[in-house]
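The model shown is predicted, which means the values in this text are computed figures rather than measured ones.
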Amino acid sequence: PLEVICRNVAAGTMAKRLGIEEGEKLPRSIVEFCLKRDDLGDPLIAEEHIYAFGWASQAELDEMIAMTLRINDYLQGMFAGIGIKLIDFKLEFGRLEHPDGLGGHMSVLADEISPDSCRLWDRETDKKLDKDRFRRDLGEVTEAYTEVATRLGILKANPSSANISV
């Protein structure tokens with residue numbers, strides 16, 4: 001499957017790879033592609049790789065990009081409404097035989113959207129509320145995820161939740 005990354009702010013590997021200061025807002029959303037292969041470290045690939053190896057057709061890739069940008073627009077608005085900046089997110093797409101029986105393939109979104117698949121920063125403080133708390137050993141992983149869920153209204157505020165261990 002292909003992994004599609006939508007970036008709105010320079011962070012993580014993109015900031016390192018391009019020498020951009022982390023936190024710099026990008027002039028527009030950037031969509032990147034990775035081959036989902038753990039044994040290869042999920043390498044960044046170009047559209048030409050996707051076409052050459054038959055991982056997706058032009059129509060399938062266009063559909064993935066359009067879907068990713070629609071999801072980006074929705075998530076940016078949703079998170080902005082609760083005081084969170086959507087820095088970037090990844091989606092995994094797979095390919096299925098088209099169910100109409102006429103042949104061909106269809107792209108299928110095969111991923112969840114969570115603080116494990118997004119970078120989310122507090123709008124006022126830039127506090128990381130995502131997977132980087134774990135990756136960078138910043139601590140308070142459970143508290144950050146709980147804060148996102150509470151702001152989204154998925155969890156009710158609970159003062160004792162700070163005592164949950166990972």
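- If you take CG on L91 and CD1 on I5, they are separated by 9.5 Å, rounding to the nearest 0.5 Å.
- A salt bridge links K127 and E147; the closest N-O separation between the charged side-chain nitrogens and carboxylate oxygens is under 4.0 Å.
- F33 and L44 end up in different hydrophobic clusters when Ile, Leu, Val, Met, Phe, Trp and Tyr side chains are linked at under 4.5 Å.
- Two residues are said to be in side-chain contact when any heavy atoms from C-beta on lie closer than 4.5 Å; L152 and M78 meet this criterion.
- Of all heavy-atom pairs between L61 and A56, the closest is N-CB, 4.4 Å.
- Atom-to-atom distance recorded for Q58:CD and I50:CD1 is 10.0 Å, nearest 0.5 angstrom.
- Considering D132, D130, D126 as possible partners of R119, the one that fulfils the salt bridge (charged side-chain N to carboxylate O under 4.0 Å, His left out) test is D132.
- I45 places a side-chain heavy atom less than 4.5 Å from the side chain of W55.
- The closest donor-acceptor contact from the side chain of S117 to the backbone of F89 lies at 3.5 Å or more, if one exists at all.
- More than 12 heavy-atom neighbours from other residues, nucleotides or ligands sit within 6.0 angstrom of OH on Y51.
- With hydrophobic clusters built from ILVMFWY side chains whose heavy atoms lie under 4.5 angstrom apart, M64 shares a cluster with L75.
- The minimum heavy-atom distance linking W121 with A11 is given by the pair CZ2-CB, 4.2 Å.
- L120 and L86 make their closest contact through CD2-CD1, 3.8 Å (heavy atoms, listed as atom of the first residue, atom of the second, distance).
- L2 CG to H49 NE2: the interatomic distance, rounded to the nearest 0.5 Å, is 12.0 Å.
- Of the possible donor and acceptor atoms, none in the side chain of R133 sits under 3.5 Å from a partner among the backbone N and O of A144.
- Salt-bridge formation is not detected for the pair E32/K90: no Lys NZ or Arg NE/NH1/NH2 atom is positioned less than 4.0 Å from an Asp or Glu carboxylate oxygen.
- In this structure, D42 pairs ionically with K36, as a charged nitrogen and a carboxylate oxygen lie closer than 4.0 Å.
- Nearest approach of A15 to A10, heavy atoms of both residues: CB-C, 4.1 Å.
- We find the SG-CG distance between C6 and L26 to be 9.5 Å, quoted to the nearest 0.5 Å.
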side-chain hydrogen bond (donor to acceptor under 3.5 Å, both in side chains) for N8 and D88? Distances and angles first, verdict last. CA-CA 6 Å; N8 299 303; D88 61 29; over 6 Å; no
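- In R28, the CZ atom is not crowded: 12 or fewer heavy atoms of neighbouring residues, nucleotides or ligands sit closer than 6.0 Å.
- Note that CG of L40 and SG of C34 are 11.5 Å apart. Values are rounded to the nearest 0.5 Å.
- Using a 4.5 Å cut-off between side-chain heavy atoms of Ile, Leu, Val, Met, Phe, Trp and Tyr, with links allowed through other members, V141 and V148 fall into different hydrophobic clusters.
- Taken together through direct or relayed side-chain contacts under 4.5 Å among Ile, Leu, Val, Met, Phe, Trp and Tyr, V31 and I87 form parts of separate hydrophobic clusters.
- With hydrogens and angles ignored, the 3.5 Å screen pairs a side-chain donor or acceptor of E22 with a backbone N or O of G12.
- Panel note: side chain R123, backbone K85; no donor-acceptor pair is recorded below 3.5 Å.
- Not a single donor-acceptor pair under 3.5 Å links the side chain of R7 to the backbone N or O of I30.
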Show, in sequence, the C-alpha distance, side-chain angles and deciding distance for L138 and K128, and conclude whether the side chain to side chain contact (heavy atoms under 4.5 Å, CB included) test is met. CA-CA 9 Å; L138 300 173; K128 291 169 178 47; 3.9 Å; yes
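- Using a 4.0 Å cut-off between a side-chain N of Lys or Arg and a carboxylate O of Asp or Glu, D122 and R151 qualify as a salt bridge.
- Nearest heavy atom pair, residue M67 against residue F93, reads SD-CE2, 3.7 Å.
- Note that CG of D111 and CD of E3 are 7.5 Å apart. Values are rounded to the nearest 0.5 Å.
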So K131 and C118, side chain to side chain contact (heavy atoms under 4.5 Å, CB included) or not? Walk me through it. CA-CA 8 Å; K131 62 187 174 188; C118 302; over 6 Å; no
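- The local environment of CD in E21 is sparse, with at most 12 non-hydrogen atoms from other residues, nucleotides or ligands closer than 6.0 Å.
- Ion pairing of E92 with R37 is absent here, as no side-chain N (NZ or NE/NH1/NH2) approaches a carboxylate O to less than 4.0 Å.
- I154 and Y145 fall into different hydrophobic clusters, where Ile, Leu, Val, Met, Phe, Trp and Tyr residues are linked whenever their side-chain heavy atoms come under 4.5 Å apart, directly or through other members.
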